[in-house]
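Residue numbers start from 1 in every chain, and the chains themselves are labelled A, B, ... in the order their sequence lines are given, proteins ahead of strands.
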Amino acid sequence: MNEQTLRWVRYWVVLAAAAISGAVWYYASVAFYTPDVDDGVVKQDSLSGQSFNTGSIYNARDINPFVPYLVGFDALGEHGVSSKNRAYVQDAVINYVLYKEKSPNAKISYVKDSFNQQLPILIRSVTYDFQFGINDGNVHTVEVVSNEIDDKMTVTIYDNSDTRVFKRTFTIY
Amino acid sequence: MRRFIIISAVLVFIVSPIAGWGLGWLNTSRYRVDPSTTPLTKQAILDILRDKNRFTTDTDLTIVDVASYKRFHTWWYVAALKVTDRSGATSTEPILLANFQNNAETTEVMTDIGPYPNVTPSGVGIPYEAIDEMRKIGGGALHE
């Protein structure tokens, strides 16, 4: 092998080593920055006890690719919460998790058996509370007070030290 | 030969790892809540509305200009649009846009122009600050 050929071999070896090094660090970076969720695996949610598809956490978003994914909130309907009421509550929880907790693509789980309905203070008013967790922990309590007479509902969220972290009153249409 | 070894070592152990890590970081930016997106400009918002064919709507309103706009939580924009109706009367109406991919071309126009856009409960994370801003522009004529 003459000197020139040897030089080219050295160049190619260095380029190959650089490419391999770059690829290794690329995949290490992707693994480091990608949240620990496998696509398309059915798992049981630890807080709600319901099954969910892990891929759905990233794939179910038509418009906002960062919006959190809700698991187990069907339980509210089973406790008699109307779909409209539930939609407002879920929207408030999503807003809180995304912008106050700054947790994109989070899994928000209804905490099993946490629903508690209080006796109505006024006729045609509904007051209930329940808990949700963020990414299998960080449990919060939601208190909902709604009144069908004036079509108002107030959603209040408390963190795990019982500090109020979110409150908003909605007019229901 | 010594120079070759030094350059090779720098390439393999410094340049490639930095480039690889950086590319991985860029490729996973969608998982971060505050990617460094370039804010949309007033002209970009006008262009988006023109491209998305929102200059004429079912409400027969025609956009004259973007009077002002505000950005919320990186991705969301509320613009106050100066519009005219068929009679030529001018009013200011809100519109909501979302830019998730740092790309004006993929910006979503979330609401129609005109009174009573129904934006909540959206379930897609429209920030309440943006809704309050829309209500302010629309004079309270906003469904929530």
Side-chain angles (χ1 to χ4, degrees), chain A residues 7 10-11 13-35 37 58 61-68 70 83-106 153 155 166 168-173, chain B residues 1 4-35 72-76 96-101 106-110 116 118-132 135 140 142-144:
Chain A
R7 189 180 297 161
R10 281 201 301 259
Y11 287 157
V13 166
V14 169
L15 283 175
I20 291 168
S21 169
V24 166
W25 282 93
Y26 170 79
Y27 285 110
S29 170
V30 168
F32 181 79
Y33 288 114
T34 302
V37 174
Y58 290 108
R61 299 166 175 85
D62 295 333
I63 298 171
N64 183 350
F66 304 101
V67 80
L70 302 171
S83 58
K84 190 180 274 187
N85 188 299
R86 192 178 129 195
Y88 281 91
V89 172
Q90 290 182 175
D91 195 61
V93 170
I94 285 172
N95 224 283
Y96 167 75
V97 171
L98 201 48
Y99 303 120
K100 295 281 175 68
E101 289 283 325
K102 295 190 182 301
S103 192
N105 298 120
M153 67 180 288
V155 178
F166 177 94
R168 188 168 176 94
T169 298
F170 302 92
T171 302
I172 302 170
Y173 289 92
Chain B
M1 186 64 184
F4 175 78
I5 292 170
I6 291 170
I7 291 171
S8 301
V10 167
L11 191 65
V12 173
F13 297 109
I14 298 175
V15 175
S16 287
I18 291 172
W21 189 269
L23 279 173
W25 181 83
L26 283 174
N27 201 28
T28 53
S29 61
R30 68 194 181 102
Y31 299 127
R32 288 183 285 278
V33 76
D34 285 317
F72 299 92
H73 294 293
T74 304
W75 311 306
W76 304 91
L96 179 69
L97 299 99
N99 176 21
F100 296 108
Q101 296 171 26
T106 60
T107 299
E108 299 275 353
V109 180
M110 303 292 290
Y116 309 116
N118 195 352
V119 291
T120 56
S122 68
V124 297
I126 296 174
Y128 294 133
E129 298 94 326
I131 292 167
D132 292 340
R135 181 179 290 117
L142 184 76
H143 279 188
E144 183 183 39

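Side-chain contact between Tyr128(B) and Tyr99(A) is absent, with no heavy atoms from C-beta onward closer than 4.5 Å.
Nearest heavy-atom pair, Val67(A) versus Gly125(B), reported as atom, atom and distance to 0.1 Å: CG2-N, 3.9 Å. Of all the heavy atoms in Asp91(A) and Val124(B), the pair that sits closest is OD1-N, 4.4 Å. When all heavy atoms of Ser29(A) and Trp25(B) are compared, the pair lying nearest together is OG-N, 3.1 Å.
Contact annotation for Tyr96(A): neither backbone nor side-chain heavy atoms come within less than 4.5 Å of a heavy atom of chain B. Neither the backbone nor the side chain of Ala23(A) comes within contact range of chain B, judged by heavy atoms closer than 4.5 Å. At a 4.5 Å heavy-atom cutoff, the contact between Tyr11(A) and chain B is made by backbone and side-chain atoms alike. Proximity to chain A is limited to the side chain of Phe4(B), based on heavy atoms less than 4.5 angstrom apart. Contacts between Arg7(A) and chain B at a heavy-atom distance below 4.5 Å are absent for every atom of the residue.
Top candidate by heavy-atom pairs under 4.5 Å with chain B, chosen from Ile20(A), Asn95(A), Val13(A), is Asn95(A). Contact tally against chain A (heavy-atom pairs below 4.5 Å) for Pro17(B), Ser8(B), Gly22(B): the top residue is Pro17(B).
Taking a 6.0 Å sphere around CH2 of Trp25(A), one finds it holds 12 or fewer heavy atoms contributed by other residues, nucleotides or ligands.
For the atom pair Lys100(A) NZ and His73(B) NE2, the distance stands at 8.0 Å (nearest 0.5 Å). Rounded to the nearest 0.5 Å, atoms OG1 (Thr74(B)) and CZ (Phe66(A)) are 9.0 Å apart. Within the model, atoms OG of Ser21(A) and CD1 of Ile18(B) stand 10.0 Å from one another, a figure rounded to the nearest 0.5 Å. The CG atom of Asn64(A) lies 9.0 Å from the CD1 atom of Ile126(B); values are rounded to the nearest 0.5 Å.
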